[in-house]
Asks: 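First, the structure itself, so that you have it in front of you.
In each ligand, atom 1 is the first atom listed, and ligand 1 is the first ligand listed. These numbers were taken from a predicted model, which means no experiment stands behind them.
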Amino acid sequence: MTTVDLPLLPLGRGTDPLSERGVECPGDLPAASDPDLVARARAAKEALGDKVFVLGHHYQRDEVIQFADVTGDSFKLARDAAARPDAEYIVFCGVHFMAESADILTSPHQQVILPDLAAGCSMADMARIAQVEKAWEALAQAGVQDQVVPVTYMNSTAAIKAFCGRNGGVVCTSSNAEVALDWAFAQKGGVEAGTKVLFLPDQHLGRNTAVLKLGLGLDDCVVWNPHKPNGGLTAEELRDAKMILWKGHCSVHGRFSADVIDDLRAKVPDLNVLVHPECQHEVVLKSDFVGSTEYIIKTIEAAPAGSSWAIGTELNLVQRLAKAHPDKNIMFLDRNVCYCSTMNRIDLPHFVWAMESLVEGVVVNRIEVDPQTEQEALVALQRMLELPGKSHRD
Ligand code: 13P
Ligand code: SF4
């Protein structure tokens, strides 16, 4: 199967069924200028009562997050999705791979709804299942496949999670990447036996965790480029590597740069730099604190009044933190605006449309993973949910 790399399709028009993005969203949406949208969303939520459970990722717009029953990072939302088996509808205010995971983790009678089907993830799109299967085959040709444990970041399609499930691997999030890698390196006889990890699709989370948490060297890591024959690597490089990092990245976190940290430190005394592990390695190295969105929120909550923070994560969250903590000096770690364009696709008109449709008994934009993929992906997700809370080395 050939895969074509398409640019982001504007506003969800057009289709690309192989990817997270650009699937058509044919809704008859209310106008964004309708002054009654907030009241309409509130009324729809009230009318649905316990039948609906609304999940909101921290990167969602304020206009949407106000209606979430729970907010969280990818890990917390995956757990929370399964925590309300009585809710008939799970409305997921986040992106496509999160809604897929919610569908996998909830009961068959529960229906998961993504208010805008165009809310994909450009990072998840960087690893297509056909490319990953091809890489797996190349690892067999190089004589190393038996030693490799695949680990996929939550930010991947259900098909990639299923690949990990059927090949002895696991899912991780930015909250538990360290324990997931600990677990993976203990499989297949452990590091002494030459166990390696194929880390998908975010090279930065993989590298940052392997080097800064597990103590591997940068030269233990190689990057698999799916657009080059054999990933651009020789059999010898693959044999020598401990971490095979997929060449994927987050288009939002990949923008933060180390020179902005230097500039800000020169201007702001006692500045604390707090970033997400999807940032580039040089950025994380220059930061003081690194962690998932949930960790970022907790760190700011615990910070003393008057302290200064430059935060490297999505702008909706940074703005919300600045508003919630006026006693702290909170700034954004980029010179330019840096929203996640696909997270931002879930806006009030889409939310109102999805909720009012449910009130009328019409389920729109249901996310449904096919049974075979679901079964295999569940194996990898359950392995993640069963990981210990702390690293094995603590
Ligand atoms: P977390 O929710 O795991 O912090 O990940 C951030 C992200 O980029 C989600 O798309
Ligand atoms: Fe994907 Fe990055 Fe947006 Fe998260 S912030 S949904 S990883 S593009």
Asks: Taking both backbone and side-chain atoms of T293, is any N or O found less than 3.5 Å from an N or O belonging to ligand 1?
Replies: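 Yes, there is a polar N/O contact under 3.5 Å.
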
Asks: Which one holds for H276 and ligand 1: side chain close, backbone close, both close, or neither close, with close meaning a heavy atom under 4.0 Å?
Replies: side chain

Asks: Is ligand 1 less than 4.0 angstrom away from at least one heavy atom of Y295?
Replies: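 It does not, in that no heavy atom of Y295 comes within the 4.0 Å cut-off of ligand 1.
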
Asks: Testing K286, R265, R335 one by one against D259 for a salt bridge (charged side-chain N to carboxylate O under 4.0 Å, His left out), which residue passes?
Replies: R335

Asks: Would you say the rings of F199 and W224 are close, in the sense that their centroids are separated by under 6.0 Å?
Replies: no

Asks: Supply the atom-to-atom distance C172 SG to R383 CZ, rounded to the nearest 0.5 angstrom.
Replies: 14.0 Å

Asks: Within C340, is some N, O or S atom less than 2.8 Å away from atom 3 (Fe) of ligand 2?
Replies: yes

Asks: In terms of the angle between their ring planes, are H253 and Y59 parallel, tilted or perpendicular, with boundaries placed at 30° and 60°?
Replies: tilted

Asks: Determine whether the side chain, the backbone, both or neither of E314 has a heavy atom under 4.0 Å from any heavy atom of ligand 2.
Replies: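 The answer is neither; E314 stays 4.0 Å or more away.
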
Asks: Do any nitrogen or oxygen atoms of S174 come within less than 3.5 Å of a nitrogen or oxygen of ligand 1?
Replies: yes

Asks: Judged by non-hydrogen atoms, does E314 sit under 4.0 Å from ligand 1?
Replies: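 E314 does not count as a contact of ligand 1 under the 4.0 Å cut-off.
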
Asks: Quick one: are C221 and K242 in side-chain contact, heavy atoms under 4.5 Å?
Replies: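 Side chain of C221 against side chain of K242, heavy atoms only: no contact under 4.5 Å found.
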
Asks: Hey, is R166 close enough to E133 for a salt bridge, meaning N to O under 4.0 Å?
Replies: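 So R166 pairs with E133 through a salt bridge.
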
Asks: Answer with yes or no after comparing the ring centroid distance for F256 and F332 against a 6.0 Å cut-off, counting only values under it.
Replies: yes

Asks: How far apart are the C-alpha atoms of N316 and N344, what are their side-chain angles, what is the distance that settles it, and do they pass the side-chain hydrogen bond (donor to acceptor under 3.5 Å, both in side chains) test?
Replies: CA-CA 9 Å; N316 277 308; N344 260 6; 2.8 Å; yes

Asks: If I take every N, O or S atom of C250, is at least one of them less than 2.8 Å from atom 1 (Fe) of ligand 2?
Replies: no

Asks: Between M98 and ligand 1, find which residue part has any heavy-atom pair under 4.0 Å and reply side chain, backbone, both or neither.
Replies: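 M98 to ligand 1: side-chain contact only, backbone stays beyond 4.0 Å.
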
Asks: Would one find an N or O of E278, backbone or side chain, under 3.5 Å from an N or O of ligand 1?
Replies: yes

Asks: Can you check whether T173 has an N/O within less than 3.5 Å of an N/O in ligand 1?
Replies: no

Asks: Could you tell me the residue and atom name of the protein heavy atom closest to atom 7 (S) of ligand 2, and the distance to it rounded to 0.1 Å?
Replies: N155 ND2, 3.2 Å

Asks: With heavy-atom distances below 4.0 Å as the criterion, list the atoms of ligand 1 near D73.
Replies: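 The atoms of ligand 1 under 4.0 Å from a heavy atom of D73 are 1 (P), 2 (O), 4 (O).
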
Asks: May I ask you to say whether K76 pairs ionically with D80, meaning some side-chain N is under 4.0 Å from a carboxylate O?
Replies: yes

Asks: Taking non-hydrogen atoms only, is Y59 closer than 4.0 angstrom to ligand 1 via side chain, backbone, both or neither?
Replies: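 Only the side chain of Y59 comes within reach of ligand 1.
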
Asks: Which protein heavy atom lies closest to atom 10 (O) of ligand 1, and at what distance to 0.1 Å?
Replies: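 For atom 10 (O) of ligand 1, the nearest protein heavy atom is N155 ND2, 3.4 Å.
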
Asks: With a cut-off of 4.0 Å, which atoms of ligand 2 are near a heavy atom of Y59?
Replies: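 That gives atoms 5 (S) of ligand 2.
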
Asks: Are the aromatic ring centres of F53 and Y89 under 6.0 angstrom apart?
Replies: no

Asks: Check whether any side-chain heavy atom of D116 sits under 4.5 Å from a side-chain heavy atom of F351, and report yes or no.
Replies: no

Asks: In this structure, are over 12 heavy atoms from other groups packed under 6.0 Å from D50 atom CG?
Replies: no

Asks: Could you list the atoms of ligand 2 found under 4.0 angstrom from a heavy atom of S122?
Replies: 8 (S)

Asks: Would you kindly specify which portion of H57 sits under 4.0 Å from ligand 1, judged on non-hydrogen atoms: side chain, backbone, both or neither?
Replies: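 The answer is the side chain.
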
Asks: In terms of atom number and element, which parts of ligand 1 are under 4.0 angstrom from non-hydrogen atoms of S292?
Replies: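 That gives atoms 4 (O) of ligand 1.
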
